[in-house]
Amino acid sequence: MDAGQKRKAGSDQRDRGDKKKSKGRQKWTPGDAKGIQAGDVGIWVTVAMNKEAPSVTDLRQLFEKYAAELYPETQISETAGDDSGESDLDIESEIKKEIEGIKKPSVEPLFKNIKLPGQCLIFFKTRSPIEPVSFVHKICQDTADGVEHQRCRFVKRLTPLSAIAKVSGNGLKDVATQVLAPHFHGPGQSGKKFAIRVNMRNNKLVKRDDLIQQVASAVGKGHKVDLHNYDLLILVEVYQSIIGMSVVPADYEKLKRYNIAELRDGNITKQEKPDSTVAKEEKPDSTITEDDKLNGTITKEEEPDSTITQYEKPDSTTSKDEQPDSTTTKNEEPDSVITTDEKPNNTTTQDEKGSES
């Protein structure tokens, strides 16, 4: 082969090169909505486009951190239950037990990611004792109070779902009965103001208006619809053939609809506002002059400039003194007087006329 000729890489070599380039990257493979079953509970999460994979990792760490704080009883020790009969086990049985534990976890995780076919949407299935509404509310409230999360920079809105069912059949009725009863049908819970917010994705089975009417009828009598000053807000999420529902408190709008990205941006703007406050605090000069005006001392001493201007008016007086020039012009009028005195020439002519006569 000539030195000037270049050998083209084969297809297998190109494939190996592509694998080397993609090594270490988190690749997101879409799943199937069938992974969400009736009876599940969890949290919908919207994220930035093409950032699903890193967001899943960040969210799992965030959720596990809050679960350890809110539900410390769920933290299971790795050595719990392994002390009894440990001396009777040989090395092979220990290894076998560890392998079985890895393949089939003895305890279902608190947060399980269910891959969905669409983009920008993640669903975390939760189990007891995690209560999605209070759990998400705590995260959003801390974010609003200035708690900075190390990651989750691509995470947008968190939507808790207290119950999930199929849209078809009696799914909506079952979910509404389960979710709404503790908030509207209990003793002493009449006269509440509520609003309904529906979000539909990839669904053509039901219409929005029909869905709202069914949810409103499930709330029952004795309550009033108020879209702005509500006491409780009913969130309804429809995705393909499933429907989820939850009831959140009245601070939903205050917490930016549980959008932690907007809450984080709001904290940044709050931290930037002290600059304008400093600018306002830099106005004491005008305040001092107002106080000085009340005292009546400093302003009087500082007003000599205007007094000087008054004393400087002699310039106009000097202009009056300089008016002798005009006086001198008047004194210079003797020329005209001289001309009158020169009239004797005319008189002389008359006398000369008499002599001639």
Side-chain angles (χ1 to χ4, degrees), residues 36 38-46 70 121 123 126 128 130-145 156-263 266:
I36 304 176
D40 291 344
V41 296
I43 303 171
W44 286 110
V45 186
T46 56
L70 300 176
L121 187 62
F123 178 73
T126 62
S128 178
I130 304 297
E131 203 286 311
V133 174
S134 59
F135 187 78
V136 170
H137 186 275
K138 173 63 176 175
I139 295 175
C140 296
Q141 185 63 59
D142 288 349
T143 307
D145 294 338
K156 303 298 183 180
R157 177 173 287 112
L158 308 179
T159 303
L161 297 179
S162 301
I164 296 175
K166 297 293 182 180
V167 176
S168 59
N170 295 327
L172 175 59
K173 183 179 179 181
D174 296 340
V175 169
T177 302
Q178 180 181 350
V179 175
L180 301 179
H183 301 279
F184 297 97
H185 303 160
Q189 293 181 347
S190 60
K192 288 187 177 182
K193 295 181 292 182
F194 70 95
I196 302 172
R197 184 160 297 169
V198 178
N199 190 10
M200 305 181 70
R201 297 183 178 92
N202 302 333
N203 178 271
K204 295 181 180 180
L205 299 177
V206 293
K207 294 182 180 180
R208 182 185 300 271
D209 294 339
D210 296 339
L211 190 61
I212 293 175
Q213 291 179 1
Q214 294 182 37
V215 175
S217 61
V219 172
K221 298 181 180 180
H223 306 284
K224 182 181 178 181
V225 176
D226 194 329
L227 301 179
H228 302 287
N229 299 320
Y230 51 80
D231 299 322
L232 296 172
L233 177 64
I234 303 172
L235 298 179
V236 181
E237 290 282 338
V238 180
Y239 183 76
Q240 292 187 356
S241 61
I242 60 174
I243 182 171
M245 189 180 299
S246 63
V247 178
V248 297
D251 59 353
Y252 183 72
E253 293 291 340
K254 181 180 178 181
L255 294 178
K256 304 297 182 182
R257 301 183 181 183
Y258 294 169
N259 191 319
I260 62 177
E262 293 185 5
L263 291 172

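Residue indices begin at 1 and follow the sequence shown.
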Exercise for review: State the CD1-CD1 distance between I36 and I242, to the nearest 0.5 angstrom.
Suggested key: 3.5 Å

Review point. Is R208 reaching over with its side chain to a backbone N or O of V198, donor-acceptor style, under 3.5 angstrom?
Key: yes

Review point. Which is it for V215 and L172 under the side-chain contact (heavy atoms from CB on, under 4.5 Å) test, yes or no, and what are the steps along the way?
Key: CA-CA 8 Å; V215 175; L172 175 59; 4.2 Å; yes

Practice item. State whether the side chain of D226 and the backbone N or O of N229 hold a donor-acceptor pair below 3.5 Å, judged by distance alone. Key: yes

**Study point:** Heavy-atom check, side chain of V206 versus side chain of Q214, under 4.5 Å
**Key:** no

Practice item. Could you tell me whether a side-chain N or O of R157 sits under 3.5 Å from a main-chain N or O of R257, the two making a donor and an acceptor? Key: yes

Check your understanding: Are any of the side-chain heavy atoms of F123 and I164 separated by less than 4.5 Å?
Key -> yes

Check your understanding: Below 4.5 Å, heavy atoms only, C-beta onward: do V167 and Q240 meet side chain to side chain?
Key -> no

Review point. Which pair of heavy atoms, one from L263 and one from K256, lies closest together, and at what distance?
Key: CD2-CG, 3.4 Å

**Study point:** Value rounded to 0.5 Å, distance of CG in L161 from CD in E237
**Key:** 6.0 Å

Exercise for review: Answer yes or no: is there a side-chain heavy-atom contact under 4.5 Å between V225 and F194?
Suggested key: yes

Check your understanding: Is there a side-chain contact (heavy atoms from CB on, under 4.5 Å) between Q141 and D251 once you walk through the steps?
Key -> CA-CA 10 Å; Q141 185 63 59; D251 59 353; 4.1 Å; yes

Exercise for review: Give a yes or no answer on whether the side chain of Q189 reaches the backbone of G186 with a donor-acceptor pair at less than 3.5 Å.
Suggested key: yes

Practice item. Indicate the atoms forming the closest heavy-atom contact of Y230 with A250, along with that distance. Key: O-CB, 3.4 Å

**Study point:** Any donor-acceptor N/O pair, K138 side chain to L70 backbone, under 3.5 Å
**Key:** no

Review point. Does the pair Y258 and V248 meet the rule for a side-chain contact (heavy atoms from CB on, under 4.5 Å), with working shown?
Key: CA-CA 10 Å; Y258 294 169; V248 297; 3.7 Å; yes

Review point. Atom NZ in K166, atom CD1 in I243: separation rounded to 0.5 Å?
Key: 12.5 Å

Check your understanding: Between OG1 of T177 and CE of M245, what distance do you get to the nearest 0.5 Å?
Key -> 9.0 Å

Practice item. Please report the closest heavy-atom contact between T46 and L121, naming both atoms and the distance. Key: CG2-CD1, 4.1 Å

Check your understanding: Heavy atoms, side chains only, cut-off 4.5 Å: are R197 and Y252 in contact?
Key -> yes

Point to revise | V41 versus S162, closest heavy-atom pair with distance | key: CG1-O, 2.9 Å

Revision key, fill the gap. Of all heavy-atom pairs linking L255 and C140, the shortest is CD2-O, 4.1 Å

Point to revise | Spatial distance of atom NZ (K224) from atom CG (D231) [nearest 0.5 Å] | key: 11.0 Å

Practice item. Go through V247 and L180 one step at a time and tell me if the side-chain contact (heavy atoms from CB on, under 4.5 Å) criterion holds. Key: CA-CA 7 Å; V247 178; L180 301 179; 3.9 Å; yes

Study note, to complete from the structure: Note: V219 and H185 closest approach over all heavy atoms is O-NE2, 3.0 Å

Point to revise | Exam field: side chain N203 to backbone Y239, donor-acceptor pair closer than 3.5 Å | key: no

Check your understanding: Any donor and acceptor pair, going by atom type alone, linking the side chain of H137 with main-chain N or O of P132 inside 3.5 Å?
Key -> no

Check your understanding: Within the side chain of H223, is there an N or O that forms a donor-acceptor pair under 3.5 Å with the backbone of F184?
Key -> yes

Check your understanding: Would Q178 and D174 count as having a side-chain donor-acceptor pair, cut-off 3.5 Å?
Key -> no

Check your understanding: So, the side chain of S246 versus the backbone of P160: is there a donor-acceptor pair under 3.5 Å, distance only?
Key -> yes

Check your understanding: Roughly how far, to the nearest 0.5 Å, is CD1 of I260 from CG of L158?
Key -> 5.0 Å

